[in-house]
Visitor: 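Would you mind keeping the following structure in view while I ask a few things?
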Amino acid sequence: MTRTSSLRIAVLGTMGADPFAGMAWMHLQIAAGLLRLGHDVRYVETTSAWPYDVERGARVDDASYTLAYLARVMPRFGMGERWAYRRSWGDGAWLGPAAADADAWLAGTDFVFNVAGATQVTKDGFACGRLVHFGTDPVAEELKYAAGDARTVAHIDAHDDTVTYGENIGTPRSPLPPLPKLRARLRQPVLMDLWDAGPPTRDVFTTVGNWRQDGKDVVFQGRPLRWSKHHEFLKFIDVPRLAGQTVELATNLDDPDRKAGAEVSDAIDPHQIRGAASLDREHWQRLQQGGWRVADGPALSVDPFTYRDYVVASRAEFTAAREFNVLPRSAWFSERSACYLAAGRPVVTQDTGFSDVLPTGEGLFGFTTVDEAVEAIRAINADYERHAKAAKAIAHEWFRAEVVLPKLLADLGA
């Protein structure tokens with residue numbers, strides 16, 4: 001397909017069912033970015049999973065919170081009337097401002113981007129144009145598909161194309177096998193103006209993420225490949241103390257002395273909302289001794305712009321990555337870290353192979369050892385203005401929606 005006119009594109013996702021800030025930014029920087037390019041874009045949700053209700057702290061067979069959340073968030077991204085939600089788990093009714101012609105509009109799409117592959121199209125099927133598996137969180141599906149997992153094979157084969165945020169996948173730089181029909185390797189599109197900010201108002205490095213998540217490990221080269229980030233954080237837990245720089249982790253953890261056993265929402269996981277695990281006393285103490293603070297992640301994640309304000313207030317980001325992406329060198333890069341860069345906040349993050357495809361050493365640092373992480377933090381603090389300027393320049397050149405999304409469409413033949 002070669003076309004220069006406006007395309008009809010649906011961004012198919014689960015940000016209403018999982019109504020948290022990271023999900024909103026992940027989906028809407030894609031959708032709003034495409035809209036800004038002049039395309040006819042709608043956000044569409046049609047998952048049969050019950051939506052999560054933040055106020056009730058549970059998944060429920062009731063879309064009232066979901067609809068109110070979408071109605072509140074969409075206009076802030078310029079998508080006010082451009083969304084529809086289908087109650088697939090109930091009567092199948094379309095709801096929202098674009099509900100009236102949702103089926104007909106979908107049937108006439110040029111592309112449907114199934115973000116994170118989170119909608120099970122074989123179960124929640126509908127007529128549409130080219131269905132693209134939009135791999136925002138690669139590795140598991142690649143390995144399961146290669147192993148012949150029947151459910152994964154059926155799900156991926158229902159798509160016409162696949163694209164991935166794992167830029168090394170299917171290249172000599174990574175042993176990971178690509179999914180079939182891989183058309184594009186890309187990175188997260190960012191709406192630069194929404195992250196425009198002045199100097200930071202806090203002197204702390206920060207990050208946002210879960211501590212412990214179970215049930216998503218897969219087998220890689222004969223060994224378990226671990227999903228939970230806490231395994232990697234523990235390897236670098238002394239970095240803040242050694243660098244002389246406080247780092248604040250906004251997460252779903254709870255002080256075991258303050259609220260032992262309490263259950264809160266898992267506000268960070270982009271694909272599955274779980275009850276948060278309590279950090280055991282030993283790990284909690286190690287964080288404190290290592291120079292970390294622990295902040296309330298769920299509280300800042302119920303609104304996309306509260307989350308944004310937390311990021312832009314920060315001096316920089318320091319974070320670890322999942323072993324999932326580190327060992328196979330997928331080159332996956334965090335959407336959250338891309339947003340720190342867009343705000344002009346330097347990023348120090350564990351290298352997943354992204355140093356093969358992105359510039360590092362000024363504004364963005366990838367590390368594999370404690371010494372490298374400490375050195376990067378000290379370099380930023382020694383010349384903060386230079387690294388802040390470089391961070392924003394990297395986001396502008398490599399992550400800006402106006403750069404990333406046209407290339408994606410070109411790779412898809414549009």
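Note that this is a predicted model, so its numbers are computed, not measured.
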Visitor: Does Arg223 CZ have over 12 foreign heavy atoms under 6.0 Å away?
Guide: yes

Visitor: Is Thr119 reaching over with its side chain to a backbone N or O of Thr47, donor-acceptor style, under 3.5 angstrom?
Guide: no

Visitor: Going by the side-chain contact (heavy atoms from CB on, under 4.5 Å) test, name the single residue among Val112, Leu412, Asp110 that passes it with Arg130.
Guide: Leu412

Visitor: So do Ile9 and Thr109 actually touch side chain to side chain, heavy atoms under 4.5 Å?
Guide: no

Visitor: Taking Gly38's backbone N and O only, do any of them form a donor-acceptor pair with Ser6's side chain (distance below 3.5 Å, no angle check)?
Guide: yes

Visitor: Please check if any side-chain donor atom of Trp105 sits under 3.5 Å from a side-chain acceptor atom of Asp40, or the reverse.
Guide: yes

Visitor: How long is the straight-line distance from CG of Leu34 back to CG of Leu7, given to the nearest 0.5 Å?
Guide: 9.0 Å

Visitor: So, taking the atom named CD in Glu141 and the one named OG1 in Thr164, what distance separates them when rounded to the nearest 0.5 Å?
Guide: 9.5 Å

Visitor: Establish, from distance only, whether the side-chain atoms of Arg86 and Ser88 form a donor-acceptor pair under 3.5 Å.
Guide: yes

Visitor: With a 6.0 Å cut-off (strictly less than), is the heavy-atom count around CD of Glu375, excluding the residue itself, greater than 12?
Guide: no

Visitor: Using a strict 4.0 Å threshold on nitrogen-to-oxygen distance, state whether Arg226 and Asp217 make a salt bridge.
Guide: no

Visitor: Mind checking whether Phe113 and Leu12 have side chains closer than 4.5 Å, heavy atoms only?
Guide: no

Visitor: How many angstroms lie between CZ in Arg76 and CG in Leu194, if you round to the nearest 0.5 Å?
Guide: 9.5 Å

Visitor: Taking everything shown except Arg293 itself, do over 12 heavy atoms lie less than 6.0 Å from its CZ?
Guide: no

Visitor: Counting only heavy atoms not in Lys235 (residues, nucleotides, ligands), do more than 12 fall under 6.0 Å from its NZ?
Guide: yes

Visitor: Keeping the roles fixed (side chain from Glu142, backbone from Leu179), state whether a donor-acceptor pair exists under 3.5 Å.
Guide: no

Visitor: Can you tell whether the side chains of Arg59 and Asp18 come within less than 4.0 Å, N to carboxylate O?
Guide: yes

Visitor: Nearest 0.5 Å, please: how far is CZ in Arg400 from CD1 in Ile394?
Guide: 14.0 Å

Visitor: Starting at CD of Gln29, measure out to CG of Leu405 and round the result to the nearest 0.5 Å.
Guide: 10.0 Å

Visitor: Between Glu232 (side chain only) and Ala320 (backbone N and O only), is there a donor and an acceptor less than 3.5 Å apart?
Guide: no

Visitor: Any side-chain heavy atom of Val190 within less than 4.5 Å of one from Val404?
Guide: no

Visitor: Any donor and acceptor pair, going by atom type alone, linking the side chain of Tyr69 with main-chain N or O of Asp303 inside 3.5 Å?
Guide: no

Visitor: Any side-chain heavy-atom pair from Thr319 and Gln350 closer than 4.5 angstrom?
Guide: no

Visitor: Once rounded to the nearest 0.5 Å, what's the spacing between atom OH of Tyr145 and atom CD1 of Ile156?
Guide: 8.0 Å

Visitor: Go through the structure and list residues passing ring pair (Phe, Tyr, Trp, His ring centres under 6.0 Å) with Phe354, not counting sequence neighbours.
Guide: Phe333

Visitor: Where do Glu248 and Phe205 land on the side-chain contact (heavy atoms from CB on, under 4.5 Å) test, with the steps shown first?
Guide: CA-CA 6 Å; Glu248 184 172 271; Phe205 285 43; over 6 Å; no

Visitor: Got a donor-acceptor contact below 3.5 angstrom from the Arg345 side chain to the Ser314 backbone?
Guide: yes

Visitor: By ring pair (Phe, Tyr, Trp, His ring centres under 6.0 Å), which residues pair with Phe324, not counting sequence neighbours?
Guide: Trp227

Visitor: Is there a side-chain contact (heavy atoms from CB on, under 4.5 Å) between Leu35 and His39? Walk through the geometry before answering.
Guide: CA-CA 5 Å; Leu35 181 65; His39 301 296; over 6 Å; no

Visitor: Does any part of the side chain of Met15, heavy atoms only, come nearer than 4.5 Å to the side chain of Leu28, both counted from C-beta?
Guide: yes

Visitor: Going through the distances and angles, do Tyr340 and Trp195 end up as a ring-ring contact (aromatic ring centres under 6.0 Å, His included)?
Guide: CA-CA 8 Å; Tyr340 273 88; Trp195 294 96; 8.1 Å; no

Visitor: Using only atom types and a distance under 3.5 Å, with no angle test, would you say the side chain of Thr162 pairs donor to acceptor with the backbone of Leu182?
Guide: yes

Visitor: Can you give me the closest heavy-atom contact between Val11 and His27, atom names plus distance?
Guide: CG1-O, 4.1 Å

Visitor: Just checking, any donor-acceptor pair under 3.5 angstrom between side chains of Thr369 and Asp371?
Guide: no

Visitor: Which heavy atom in Trp83 sits nearest to a heavy atom in Met79, and how many Å separate them?
Guide: CD1-O, 3.6 Å

Visitor: Got a donor-acceptor contact below 3.5 angstrom from the Tyr43 side chain to the Gly13 backbone?
Guide: yes

Visitor: If only atom types and distance count, is the side chain of Trp332 paired as donor or acceptor with the main-chain N or O of Thr136 below 3.5 Å?
Guide: yes

Visitor: Do the two ring centres, one from Trp25 and one from Phe305, sit under 6.0 Å apart?
Guide: yes

Visitor: Provide the closest heavy-atom pair for Val347 versus Ser337 in the form atom of the first, atom of the second, distance.
Guide: CG2-O, 3.6 Å

Visitor: Got Arg308 and Tyr310 here, is their nearest side-chain heavy-atom distance under 4.5 Å?
Guide: no

Visitor: Can you name the nearest heavy-atom pair linking Gly291 to Pro240, along with the distance?
Guide: O-CB, 3.6 Å

Visitor: Can you give me the closest heavy-atom contact between Ala331 and Glu167, atom names plus distance?
Guide: CB-N, 4.0 Å

Visitor: Determine, for Arg42 against Asp101, whether the closest basic-nitrogen to carboxylate-oxygen distance falls under 4.0 angstrom.
Guide: yes

Visitor: Keeping Glu372 on the side-chain end and Thr368 on the backbone end, is there a donor-acceptor pair under 3.5 Å?
Guide: yes

Visitor: Where do Asn325 and Ser330 land on the side chain to side chain donor-acceptor pair (under 3.5 Å) test, with the steps shown first?
Guide: CA-CA 5 Å; Asn325 285 295; Ser330 70; 2.6 Å; yes

Visitor: Are any of the side-chain nitrogens in Arg185 or Asp411 under 4.0 Å away from the carboxylate oxygens of its partner?
Guide: no

Visitor: Applying side-chain contact (heavy atoms from CB on, under 4.5 Å) to Leu176 and Val139, what does each step give before you reach the verdict?
Guide: CA-CA 7 Å; Leu176 288 170; Val139 177; 3.8 Å; yes

Visitor: Tell me every residue that passes salt bridge (charged side-chain N to carboxylate O under 4.0 Å, His left out) with Glu317, counting only those two or more places apart in sequence or in another chain.
Guide: Arg336

Visitor: Test of understanding: with ring pair (Phe, Tyr, Trp, His ring centres under 6.0 Å), list the residues that count as partners of Phe367, not counting sequence neighbours.
Guide: Phe236, Phe318

Visitor: Hey, mind stepping through Val302 and Tyr307 against side-chain contact (heavy atoms from CB on, under 4.5 Å) and telling me if it holds?
Guide: CA-CA 8 Å; Val302 295; Tyr307 174 97; over 6 Å; no

Visitor: Pairs in or reaching into residues 158-177: which pass ring-ring contact (aromatic ring centres under 6.0 Å, His included), with residues at least two apart or in two chains?
Guide: His133-His159, Phe134-Tyr165, His155-His159

Visitor: Check whether the side chains of Asp103 and Trp94 place a donor and an acceptor atom closer than 3.5 Å, and report yes or no.
Guide: yes

Visitor: Using the salt bridge (charged side-chain N to carboxylate O under 4.0 Å, His left out) criterion, which residues pair with Arg36? Sequence neighbours excluded.
Guide: Asp193

Visitor: Side-chain contact, heavy-atom cut-off 4.5 Å: Val312 with Asp196?
Guide: no

